[in-house]
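Note sheet for the following structure.
Just so it is clear, the structure is predicted and the values come from calculations on it, not from any experiment. FYI, side chains are in, hydrogens and waters are out, and symmetry mates aren't considered; it's all heavy atoms of this structure.
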Amino acid sequence: YATILTLRAFFRYMCSNNMLTDNNITRWEHILSLPKHLPKKIPSVYTEEEVSRILESVDRASALGKRNYAMILLAARYGLRASDIIGLRHCNFDWDTNVIKIRQSKTDKEIELPLFEEIGRAIIDYLKYGRPKSDLPYIFLTHTVRIGVMSAATLGGCIADAMRRAGIDSTGRRKGTHVLRHSLASNLLKANEGIPVISEILGHESTDTTKIYLQIDINQLVKCALEVPFVNSIFYENLYH
């Protein structure tokens with residue numbers, strides 16, 4: 001996409017200065033037209049073992065570590081987006097029925113999640129022994145001189161730092177909150193979980209959105225692969241005569 005834009009600008013300059021045999025800019029812009037639909041990028045994913053190492057790398061003895069661990073756990077176990085994690089309030093948790101109710105900021109869709117014991121313990125640990133004293137309704141706060149609401153970028157940085165401490169090789173893969181969402185979907189597919197179930201867990205509006213993860217399910221893709229047919233050497237001999 002960026003390459004095409006650069007070439008269009010280059011040929012526009014060349015045509016305006018009559019430097020080409022054919023200086024018809026309209027023709028060149030047609031040749032270098034932008035694609036109507038850009039190909040979707042394949043999601044970056046991490047294995048269950050790598051996700052476990054990321055969580056284990058967090059120092060849960062410190063107040064900041066308690067916060068980061070709870071947030072990363074929410075991303076890893078539920079696939080929540082960064083905006084939904086930092087936007088969590090006390091009212092989102094029903095401790096009597098062990099349920100988390102969230103209205104997703106991206107889709108405005110309300111989802112209801114079971115409050116896993118490890119999640120509940122991590123959040124209680126942070127609220128009791130890590131969270132700065134504040135009247136703000138949000139669960140997770142900044143641990144700076146001026147206490148306030150966290151940003152998505154800060155959460156992404158916490159996850160990237162945990163990856164580095166865990167010694168995860170992220171070469172060719174993205175970092176941040178969204179990769180844990182992708183990883184959850186990928187690992188659920190490996191466990192033979194159905195697309196509709198994964199779609200419901202991630203809070204997708206349509207299963208079509210969830211199907212993007214099919215292209216990273218290597219085990220299932222291998223089953224679809226066809227054997228390469230045998231080609232007699234005579235074919236190649238005739239090909240070049």
Side-chain angles (χ1 to χ4, degrees), residues 45-105 110-144 147-152 154-168 175-188 190-191 193 197-198 200-203:
V45 296
Y46 293 82
T47 65
E48 286 188 66
E49 187 269 337
E50 288 176 318
V51 173
S52 295
R53 284 167 54 193
I54 292 169
L55 288 166
E56 290 168 2
S57 73
V58 181
D59 176 19
R60 296 165 62 186
S62 68
L64 196 62
K66 292 179 189 296
R67 183 200 70 180
N68 293 349
Y69 179 76
M71 292 191 301
I72 297 173
L73 200 58
L74 285 163
R77 299 293 185 258
Y78 297 131
L80 292 178
R81 299 180 179 89
S83 56
D84 293 326
I85 293 174
I86 64 174
L88 281 172
R89 305 182 181 210
H90 294 284
C91 60
N92 293 123
F93 292 82
D94 189 332
W95 297 98
D96 293 327
T97 59
N98 289 326
V99 167
I100 307 176
K101 294 181 180 179
I102 304 171
R103 183 170 293 280
Q104 296 180 118
S105 59
E110 188 173 275
I111 58 174
E112 187 173 300
L113 301 166
L115 180 56
F116 299 146
E117 183 178 351
E118 64 172 340
I119 300 286
R121 287 181 181 276
I123 291 175
I124 290 173
D125 186 37
Y126 172 62
L127 292 176
K128 292 180 67 175
Y129 307 112
R131 185 179 184 272
K133 292 182 180 180
S134 172
D135 293 330
L136 289 170
Y138 300 99
I139 297 290
F140 303 110
L141 301 174
T142 57
H143 285 224
T144 55
I147 299 169
V149 183
M150 287 190 60
S151 69
T154 300
L155 174 52
C158 292
I159 295 174
D161 287 341
M163 287 182 176
R164 282 192 290 271
R165 285 195 300 271
I168 302 295
K175 302 176 183 178
T177 315
H178 227 64
V179 297
L180 293 180
R181 180 176 175 85
H182 295 326
S183 299
L184 175 63
S186 173
N187 292 325
L188 286 172
K190 289 179 182 177
E193 197 61 77
V197 175
I198 298 174
E200 190 65 27
I201 292 172
L202 297 181

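For the atom pair CG of Leu180 and CG of Leu73, the computed distance is 10.0 Å after rounding to the nearest 0.5 Å. Rounding to the nearest 0.5 Å gives a distance of 10.5 Å between NE2 of His90 and CD1 of Ile123. One finds the OH atom of Tyr126 at 9.0 Å from the CD1 atom of Ile139 (value rounded to the nearest 0.5 Å). Here NE2 of His182 is found 13.0 Å from CG of Asn187. Values are rounded to the nearest 0.5 Å. For the atom pair OG (Ser62) and CG (Asn68), the distance works out to 7.5 Å, reported to the nearest 0.5 Å.
By the 6.0 Å contact criterion, CZ on Arg121 is open, its count of non-hydrogen atoms from other residues, nucleotides or ligands being 12 or less. More than 12 heavy atoms of other residues, nucleotides or ligands shown are found within 6.0 angstrom of CD on Glu110.
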Using side chain to side chain contact (heavy atoms under 4.5 Å, CB included), reason through Ile159 and Lys175 one step at a time and then give a plain yes or no. CA-CA 7 Å; Ile159 295 174; Lys175 302 176 183 178; over 6 Å; no
Go through the steps to decide whether Tyr138 and Ile86 satisfy the test side chain to side chain contact (heavy atoms under 4.5 Å, CB included), and finish with yes or no. CA-CA 8 Å; Tyr138 300 99; Ile86 64 174; over 6 Å; no
Begin with the C-alpha distance, continue with both residues' side-chain angles, and end with the deciding distance and a verdict on side chain to side chain contact (heavy atoms under 4.5 Å, CB included) for Glu50 and Ser183. CA-CA 10 Å; Glu50 288 176 318; Ser183 299; over 6 Å; no
Side chain to side chain contact (heavy atoms under 4.5 Å, CB included) between Ile124 and Trp95, worked out: CA-CA 11 Å; Ile124 290 173; Trp95 297 98; 3.8 Å; yes
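By the 4.5 Å heavy-atom criterion applied to side chains, Ile72 and Met163 are not counted as neighbours.
Remark: Tyr69 engages no residue in a ring-ring contact (aromatic ring centres under 6.0 Å, His included) (not counting sequence neighbours). Take Arg89 and apply the salt bridge (charged side-chain N to carboxylate O under 4.0 Å, His left out) test, not counting sequence neighbours, and it matches no residue.
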